[in-house]
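Written below as structure tokens is the structure these notes are about.
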Amino acid sequence: MSCEDAGSSSIAEVERVPSSLPERDAISGVISSTTRSDENPPPINAQVLFHTIGPAYASPSCPTAIFYVETSGIILLGALTALCSLAYNNIFYVVSAKWMTDDAEKLAVFLGGEPYWIAVGAGTGIVVGVLKAYVFKFDQYKGFIELLQDLDVDVKDSFSMAVVGLVSLMGGASLGPESGLAGVGGLLGKISVKPMNALCQRALGSAAEADVCAETKRRKLLVLSACVSAFATMLPTPASSVMFCLELMGAAAFVTQGFLWTGSVVQLGLAGTVSNLVYTSLASYTYINVEATFPGYNHQSMKWKNIGVAVLFALCTPFCLVIPYFVFAGITKFSKVKLQAFLESKFGDKGRIVFMATLGGVIYGLIGYILPLTPGDGSYQMAIVIERGSEIESSVLVVSAYAKMLTYWVSAEYGFVGGIFHPILMISLLFGRMVINETALNETIGTALSFILLAAAFTPLPFSMFMLDLALFNLKASDQVSIFLAIVITHLMTTGVGFPQVFLSYAMSRGKKTEGNGSGGGEPGP
């Protein structure tokens with residue numbers, strides 16, 4: 001039986017009537033197809049519990065050396081990833097801070113940007129286009145969501161994704177750092193596979209041949225651990241980084257990869273915790289930071305009023321944010337398909353890649369000049385919107401929210417590299433700040449609700465968004481009820497009724513008709 005067959009058979013074996021217990025290989029942890037029959041089987045509750053908790057993964061009854069060698073390596077990998085992520089985040093943040101503005105007076109008005117931002121966007125587009133067309137020679141790339149689901153990493157692809165993502169972020173593309181961080185994590189995880197396998201084989205000694213299937217799983221475990229470590233430098237807590245990766249990966253993908261639930265979560269938790277501790281020892285906070293700015297535990301909670309507000313926010317989000325978001329997506333995708341067909345006929349693939357990236361840079365640079373809240377991933381302006389949002393005109397906030405949708409999709413579809421997560425947080429925050437200004441709503445609960453509802457509407461991240469809000473805003477227990485209720489309702493009213501699925505199905509059908517002509521944008525969505 002191959003490693004893949006063993007992984008797929010694990011699901012079928014667990015689903016059998018538990019009068020015959022499947023056995024796990026002591027080294028690989030994969031459930032085998034052989035079962036044992038007992039004349040007096042244990043009570044069914046005990047059998048269910050056995051399957052739920054799995055076999056021991058760190059006790060003397062199994063090869064403890066393997067688990068502890070793996071875990072020690074994962075801890076070191078977490079520390080290394082934190083250092084690389086710190087350098088990565090600081091480079092693009094410091095460079096973008098040189099030309100972006102955090103002046104609240106300029107952010108609060110139309111035309112508050114600088115005219116040279118258009119040149120910055122155009123120049124960034126040229127560099128990105130040349131890197132993709134002539135240096136790294138790629139068009140489409142694997143986004144961080146796809147990487148988490150298959151855990152299959154190519155060193156060259158990860159390196160090129162990290163470099164082009166870094167250039168995109170430095171130049172103000174409306175994308176998040178998730179794809180670049182995933183590239184860094186995937187690269188480090190893949191590099192660590194060979195030395196880790198060698199150490200494990202040495203620890204096994206004469207039993208090294210039995211480690212073949214475990215090597216496949218270990219490669220994926222190291223890539224996943226490195227991704228968790230990378231996101232632990234972005235999200236406020238290690239637990240939220242583990243949950244973020246597991247929810248995006250999906251339970252089915254996690255099981256079919258052959259991972260033991262608790263044992264793997266222990267290792268991922270250690271990776272994320274070490275990464276977070278190393279990062280925050282050198283920098284005061286992780287990349288997303290509003291905790292010190294906006295401590296939620298200081299406000300007076302009004303439970304039932306907050307629940308009413310949460311329900312209204314949740315019901316309005318699909319109509320006010322989700323539908324416009326996908327409308328801008330459709331407009332951008334349609335224009336891209338038409339434009340790239342024309343450009344390829346005139347200039348070929350390479351010319352099309354460079355031209356479209358340059359045009360995309362001009363568009364987001366021009367919009368940034370008119371609406372200075374839109375450039376970049378939003379992290380640079382986020383604190384201003386939270387702290388001094390009352391000084392910004394509501395018209396500027398709402399127009400910036402919708403313009404941010406357009407700049408995200410232009411950046412994603414016209415060839416820049418980055419993620420979806422940060423931009424949709426900023427879009428949601430801008431719109432929510434407008435609502436707070438117009439209604440005199442409590443700032444803590446209003447900001448906490450608006451911050452995550454667009455992401456909660458159509459991404460498979462309910463618990464990640466909940467944990468993100470709790471960590472950032474220090475919410476009281478009574479406030480947590482309204483936050484989670486809003487997440488559930490807005491997801492029900494959006495993904496539950498099938499709106500994103502219809503759009504994505506249509507987009508995929510259009511993609512098949514134009515297969516081979518795609519320019520490969522950023523993370524288009526889950």
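These figures come from a predicted structure and were not determined experimentally.
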Would you confirm whether Thr374, through its side chain, and Leu371, through its main-chain N or O, come within 3.5 Å as a donor-acceptor pair? yes
Worked check of side-chain contact (heavy atoms from CB on, under 4.5 Å) between Val417 and Leu175: CA-CA 7 Å; Val417 172; Leu175 299 166; 5.7 Å; no
So, applying ring-ring contact (aromatic ring centres under 6.0 Å, His included) with Tyr287, which one of Phe92, Phe231, Tyr380, Tyr279 is it? Phe92
Counting C-beta onward and ignoring hydrogens, is there a side-chain heavy-atom pair between His422 and Pro177 closer than 4.5 Å? yes
So that I know where these two stand, are Tyr364 and Phe416 an aromatic pair - ring centroids less than 6.0 Å apart? yes
CD of Glu178 to CG of Leu235, rounded to nearest 0.5 Å, is 9.0 Å
The test is side chain to side chain donor-acceptor pair (under 3.5 Å); show your working for Thr71 and Gln267 and say whether it passes. CA-CA 6 Å; Thr71 305; Gln267 292 173 315; 3.2 Å; yes
Return the minimal non-hydrogen interatomic distance between Arg218 and Glu70, and the atom names on each side. NE-OE2, 2.8 Å
Looking only at heavy atoms, the pair that brings Ala486 and Ala310 closest together is CB-O, 3.7 Å
Residues, nucleotides or ligands: over 12 heavy atoms within 6.0 Å of Lys156 NZ: yes
Once you round to the nearest 0.5 Å, how far does CG of Leu373 lie from CZ of Phe110? 10.0 Å
Main chain of Gly418, side chain of Ser179: is a donor-acceptor contact present, judged purely on distance under 3.5 Å? yes
Can Leu80 and Leu76 be said to form a side-chain contact (heavy atoms from CB on, under 4.5 Å), step by step? CA-CA 6 Å; Leu80 178 60; Leu76 293 175; over 6 Å; no
Can you check whether Gln480 reaches Phe466 side chain to side chain, under 4.5 Å on heavy atoms? yes
Criterion side-chain contact (heavy atoms from CB on, under 4.5 Å) on Ser96 and Met170, from CA distance to verdict: CA-CA 5 Å; Ser96 60; Met170 289 191 297; 5.7 Å; no
salt_bridge(Lys142, Asp150) N-O dist < 4.0 Å: yes
Using modelled atom types only, decide if a donor and an acceptor are shared between the side chain of Ser72 and the backbone of Val69 within a distance under 3.5 Å. no
Can you tell me how far CZ of Phe313 sits from CD1 of Ile483, rounded to the nearest 0.5 angstrom? 9.5 Å
Side-chain donor-acceptor pair under 3.5 Å between Ser229 and Thr81, yes or no? no
Salt bridge check, Arg433 against Glu438: does any charged N sit closer than 4.0 Å to a carboxylate O? no
Could you check whether any side-chain N or O of Thr280 sits under 3.5 Å from a backbone N or O of Ala283, counting only pairs where one atom can act as donor and the other as acceptor? no
Shortest non-hydrogen pair, Leu268 vs Val242, comes out as O-CG2, 3.8 Å
Taking the six-membered ring for Trp and the single ring otherwise, decide whether the centroids of Phe244 and Phe421 are under 6.0 Å apart. yes
Quick check: do Ile370 and Val399 have side-chain heavy atoms less than 4.5 Å from each other? no
Is there a ring-ring contact (aromatic ring centres under 6.0 Å, His included) between Trp99 and Tyr116 once you walk through the steps? CA-CA 9 Å; Trp99 62 272; Tyr116 71 83; 7.3 Å; no
Is there a side-chain contact between Val223 and Leu148 in this structure, where contact means two heavy atoms from C-beta onward sitting under 4.5 Å apart? no
Looking only at heavy atoms, what is the nearest atom pair of Ala471 and Thr237, with distance? CB-CG2, 3.8 Å
Partner of Asn306 under side chain to side chain contact (heavy atoms under 4.5 Å, CB included), chosen from Asp479, Thr444, Leu449: Asp479
Can you confirm whether Pro236 sits close enough to Ser240 that some side-chain heavy atom of one is under 4.5 Å from a side-chain heavy atom of the other? yes
Atom CG in Leu222, atom OG in Ser192: separation rounded to 0.5 Å? 4.0 Å
Per side chain to side chain contact (heavy atoms under 4.5 Å, CB included), Phe431 is matched among Leu321, Thr317, Leu454, Leu453 by Leu321
Please walk me through it: do Val354 and Val128 pass side-chain contact (heavy atoms from CB on, under 4.5 Å)? CA-CA 7 Å; Val354 175; Val128 166; over 6 Å; no
I'd like to know if the side chain of Ser464 pairs up with that of Glu247 as donor and acceptor (distance under 3.5 Å, no hydrogens or angles considered). yes
Can you tell me if Ser174 uses its side chain to pair, donor with acceptor, with the backbone of Pro375 under 3.5 Å? no
Just how far is it from atom OH of Tyr325 to atom NZ of Lys404, taken to the nearest 0.5 Å? 11.5 Å
Side chains of Asp377 and Ser379 only: does a donor on one sit below 3.5 Å from an acceptor on the other? yes
Centres of the Phe484 and Phe463 rings: under 6.0 Å? yes
Main-chain N/O of Phe328 paired with Thr332 side-chain donor or acceptor, under 3.5 Å: yes
When the ring planes of Phe67 and Tyr57 are compared, do they come out parallel, tilted or perpendicular, using 30° and 60° as the limits? tilted
When you look at Phe458 and Phe326, which way does the ring-ring contact (aromatic ring centres under 6.0 Å, His included) test go after all the steps? CA-CA 11 Å; Phe458 65 90; Phe326 282 103; 5.4 Å; yes
In the structure I gave you, are the side-chain heavy atoms of Asn276 and Thr233 within less than 4.5 Å of one another anywhere? no
When the ring centroid of Phe254 is compared with that of Trp261, is the distance short of 6.0 Å? yes
Should the pair Phe136 and Phe138 be assigned to parallel (<30°), tilted (30 to 60°) or perpendicular (>60°) ring geometry? tilted
Here's a test for you: under side chain to side chain contact (heavy atoms under 4.5 Å, CB included), which of Leu429, Ile392, Val435 qualifies with Leu397? Ile392
Spacing of CD1 belonging to Ile363 relative to CE belonging to Met356, to within rounding of 0.5 Å: 8.5 Å
Close side-chain approach of Glu393 and Asn437, heavy atoms under 4.5 Å: no
Which heavy atom of Ala455 sits nearest to which heavy atom of Met465, and what is that distance? CB-SD, 3.6 Å
Side chain to side chain, Pro318 and Thr490, heavy atoms closer than 4.5 Å: yes
What closest approach, in Å, do Asp139 and Lys132 show between heavy atoms, and which atom pair accounts for it? O-NZ, 3.3 Å
